[in-house]
2 protein chains.
Amino acid sequence: MMKNDTDKIVTLSKIKVACQSCNLYELCLPLGLHGEDLDQLEKIIKRAHPLKKNESPFQQGDKFQSIYAIRSGSVKTYTIADDGSEQITGFYLPGELVGLDAISDDCHPCTAKALETTSYCEIPYTALEQLSGELPSLRHQLLKIMSKEITHDANLLMLLGKKAADERLASLLLSLSSRLKNRGFSATEFHLSMSRNDIANYLGLAVETVSRLFTRFQDQGLIQVEGKFVQIIKLEELKAMTKECTCENPKMA
Amino acid sequence: MMKNDTDKIVTLSKIKVACQSCNLYELCLPLGLHGEDLDQLEKIIKRAHPLKKNESPFQQGDKFQSIYAIRSGSVKTYTIADDGSEQITGFYLPGELVGLDAISDDCHPCTAKALETTSYCEIPYTALEQLSGELPSLRHQLLKIMSKEITHDANLLMLLGKKAADERLASLLLSLSSRLKNRGFSATEFHLSMSRNDIANYLGLAVETVSRLFTRFQDQGLIQVEGKFVQIIKLEELKAMTKECTCENPKMA
DNA sequence: GACTTTTCTTGATACAGGTCAATGAAAACC
DNA sequence: GGTTTTCATTGACCTGTATCAAGAAAAGTC
């Protein structure tokens with residue numbers, strides 16, 4: 001039963017999709033582009049074969065060539081430290097761009113790996129940077145997306161720096177919920193394409209803690225879990241949870 | 001004695017400095033620009049009066065107008081959550097750009113505050129975005145700086161997600177050390193312009209923990225501390241500290 | 001210079017969440 | 001279909017760091 005649901009979500013895509021007809025148009029790079037301009041962008045975009053689960057479009061240390069727009073499926077990015085420990089830096093959903101962190105050093109600081117069957121568009125960066133010189137809308141949108149990535153990371157910092165374990169998990173669930181909603185999926189029922197281990201790693205927790213939290217949330221009637229299938233029952237309470245932090249010092253200026 | 005040292009570092013700047021003669025040229029936005037192009041960039045840059053300690057160039061929620069390049073001094077950025085708790089998202093040194101996270105929503109998601117007397121250049125964003133269309137080098141450098149910000153945040157995530165308290169403090173000290181070095185200051189002796197409280201907040205720790213760590217590091221002979229003045233004695237050992245993480249699972253693929 | 005306020009340090013105690021260990025449940029593989 | 005391997009859950013225990021409390025040192029203020 002879960003398998004079927006996953007497939008339903010995953011296999012929306014056909015291999016050959018133009019930006020014009022892509023339902024992610026509003027979320028992705030081409031937002032604001034039309035006619036001739038959009039054609040130009042499409043000309044530089046390569047559409048590759050979908051990735052199978054666990055395949056990587058690029059590895060940490062690879063020379064930076066392209067950024068990648070997820071079309072369907074999902075991807076995680078992670079860095080491996082010198083000591084071999086892995087830190088997941090993000091989960092990416094359809095319409096999101098992966099690889100923007102490679103621009104500064106011309107080399108990918110993290111590895112991307114498909115969490116499930118995932119199709120994507122490859123956008124050669126040199127061409128993109130050049131084209132963004134000619135198309136103000138594209139330039140605008142690119143900078144905007146990069147800025148959003150910075151904001152997102154800053155939020156995550158807040159999360160890892162200050163929040164308790166339950167608030168962290170709640171935040172992740174809410175983030176996925178709202179992003180999925182924006183993409184036309186249900187905000188209240190969805191599949192987690194990542195493992196408990198991935199979630200724990202991302203949130204800076206132990207797997208056991210994450211597992212316990214899922215059952216606790218369920219006991220509290222906040223969510224309904226069955227393996228990777230999650231149903232959010234009390235969205236508002238989850239939201240409240242991420243807000244009412246333990247620390248109560250409103251005097252700080 | 002500490003006051004004097006601080007002043008020495010802070011008051012390098014004169015109010016009117018053109019990018020051409022600014023010693024931060026290599027680190028800042030104009031990198032790669034010359035002659036005519038550099039003139040164009042300079043034309044849009046405003047140079048404002050220095051900020052006194054605790055003054056803010058912008059506040060959380062302000063409409064986004066400009067990004068800010070620090071010329072001398074230093075700045076912290078922080079967000080205030082709904083519950084009033086504050087999370088510091090970054091410390092910025094000369095040559096670094098503050099406010100890039102505001103591009104995506106056209107509104108500053110954080111407040112910036114001077115940690116000491118700080119001079120800066122204000123760069124109106126609309127003009128910058130437009131100009132970056134005409135000047136490939138500028139466009140390149142802007143994207144690069146934004147990408148670096150993303151990478152930096154990702155590192156910090158790693159820090160807060162996985163590392164123990166002592167590794168976090170070591171990382172911060174090393175980050176400051178190397179950034180100061182790049183800016184022509186000493187890598188081994190410097191002032192912390194931020195309070196212990198700020199450090200603790202940034203690293204997701206309690207002030208008491210930070211304080212204890214400073215004394216412990218000193219007892220271990222790693223550093224020498226006197227208030228805000230820090231001298232790094234064993235740079236290599238500090239570096240080793242940030243690498244040898246507790247978790248030893250090199251089997252993870 | 002005395003007074004107030006803030007910042008920093010140090011000690012004692014408590015608890016959230018990590019670690020270890022064991023079992024159950026899915027996937028993956030042959 | 002059974003076996004192996006990976007993943008998830010649950011319990012018992014322990015440790016690092018937060019919290020509470022109190023004093024010392026700086027930094028502002030008059």
Side-chain angles (χ1 to χ4, degrees), chain A residues 1-7 52-54 76 85 115-117 159-169 191-201 203-219 223 225-230 245-249 251-253, chain B residues 1-7 52-54 76 85 115-117 159-170 191-201 203-219 223 225-230 241 245-249 251-253:
Chain A
M1 147 220 174
M2 268 153 29
K3 246 185 266 174
N4 292 336
D5 281 10
T6 311
D7 288 344
K52 291 200 205 68
K53 186 175 172 178
N54 288 328
K76 69 172 171 179
S85 70
L115 291 166
E116 57 194 316
T117 304
L159 196 79
L160 295 181
K162 290 218 116 51
K163 296 197 177 171
D166 51 1
E167 297 172 310
R168 298 188 197 186
L169 184 59
H191 276 273
L192 300 169
S193 54
M194 66 294 287
S195 70
R196 298 286 193 269
N197 231 310
D198 285 343
I199 294 175
N201 185 302
L203 296 177
L205 299 170
V207 204
E208 294 93 328
T209 306
V210 170
S211 190
R212 278 185 251 269
L213 284 172
F214 270 115
T215 49
R216 205 189 84 196
F217 281 5
Q218 179 156 253
D219 292 348
I223 62 174
V225 204
E226 195 182 329
K228 304 209 159 182
F229 182 74
V230 174
C245 188
T246 51
C247 28
E248 308 263 349
N249 44 353
K251 64 172 177 177
M252 299 191 79
Chain B
M1 148 221 175
M2 268 156 28
K3 245 186 264 174
N4 292 336
D5 280 9
T6 311
D7 289 344
K52 290 199 205 69
K53 185 174 172 177
N54 289 327
K76 67 172 171 180
S85 69
L115 291 167
E116 58 194 316
T117 304
L159 196 80
L160 295 180
K162 291 219 116 51
K163 297 198 177 169
D166 51 1
E167 297 171 311
R168 299 189 197 186
L169 184 58
H191 276 273
L192 300 168
S193 55
M194 64 295 283
S195 69
R196 298 287 193 269
N197 231 310
D198 286 341
I199 293 174
N201 185 302
L203 297 177
L205 299 170
V207 203
E208 295 93 327
T209 305
V210 171
S211 189
R212 277 185 252 270
L213 284 172
F214 270 114
T215 50
R216 205 188 86 196
F217 280 6
Q218 179 157 251
D219 292 348
I223 61 173
V225 204
E226 196 182 329
K228 305 210 158 181
F229 183 75
V230 173
M241 193 163 188
C245 189
T246 50
C247 28
E248 309 263 349
N249 43 354
K251 64 171 178 180
M252 299 192 78

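A quick note: this is a predicted structure, and the numbers were derived from the prediction, not measured. Below, read A as the first sequence line, B as the second, and so on, with proteins coming before strands; counting in each chain starts at 1. Computed over heavy atoms, backbone and side chain alike; hydrogens, waters and symmetry mates excluded.
What separates CG of A:Asn197 from C1' of D:dT6 is a distance of 10 Å, to the nearest Å. Between the CD1 atom of B:Ile199 and the C1' atom of C:dT7 there is a distance of 12 Å, rounded to whole Å. If you measure from atom CG of A:Leu205 to atom C1' of D:dT9, you get 16 Å, rounded to the nearest angstrom. Between A:Asn54 atom CG and D:dC7 atom C1' there is a gap of 13 Å when expressed in whole angstrom units. Rounded to an integer number of Å, the gap from A:Leu213 CG to C:dA16 C1' is 11 Å. Spacing between atom CD of B:Glu226 and atom P of D:dA27 amounts to 11 Å, rounded to whole angstrom units. Between the C1' atom of C:dC8 and the CD atom of B:Gln218 lies a distance of 14 Å, rounded to the nearest Å. When rounded to the nearest whole Å, the span between CZ of A:Phe229 and P of D:dA8 equals 17 Å.
Close to D:dT9, at under 4.0 Å from its OP1 or OP2, lies a side-chain N or O of A:Arg196. Between A:Thr215 and D:dT9 there is no side-chain N or O to OP1 or OP2 distance below 4.0 Å.
Checked against C:dT10, D:dA18, C:dG18, the side chain of B:Thr209 finds its nearest nucleotide in D:dA18. Picking from D:dT9, D:dT17, C:dT10 the nucleotide with the shortest atom distance to the side chain of B:Ala165 gives D:dT17. Picking from D:dA8, C:dT7, D:dT19 the nucleotide with the shortest atom distance to the side chain of B:Glu208 gives D:dT19.
Side-chain to base pairing of A:Arg168 with C:dG17: no donor and acceptor N or O lie closer than 3.5 Å to each other. Counting atom types as modelled, B:Arg212 pairs no side-chain N or O with a base atom of D:dG16 as donor and acceptor under 3.5 Å. In terms of polar N and O atoms assigned as donor or acceptor, the side chain of B:Arg216 never comes within less than 3.5 Å of the base of D:dT17 in a complementary pairing.
Nucleic acid contact class of B:Ser211 (heavy atoms, under 4.0 Å, all strands): base.
Put simply, CG on A:Leu169 and CD1 on A:Ile223 are 6.5 Å apart, with the number rounded to the nearest 0.5 Å. The CZ atom of B:Arg196 lies 7.5 Å from the NZ atom of B:Lys228; values are rounded to the nearest 0.5 Å.
Contact of the B:Leu115 side chain with the B:Asp198 side chain is registered, since non-hydrogen atoms from C-beta on lie closer than 4.5 Å. Two residues are said to be in side-chain contact when any heavy atoms from C-beta on lie closer than 4.5 Å; B:Leu203 and B:Leu159 meet this criterion.
The minimum heavy-atom distance linking B:Asp166 with B:Phe217 is given by the pair O-CZ, 3.5 Å.
Each of B:Val207 and B:Lys53 lies near DNA chain D, and the nucleotide nearest B:Val207 is the one positioned closer to the 5' end.
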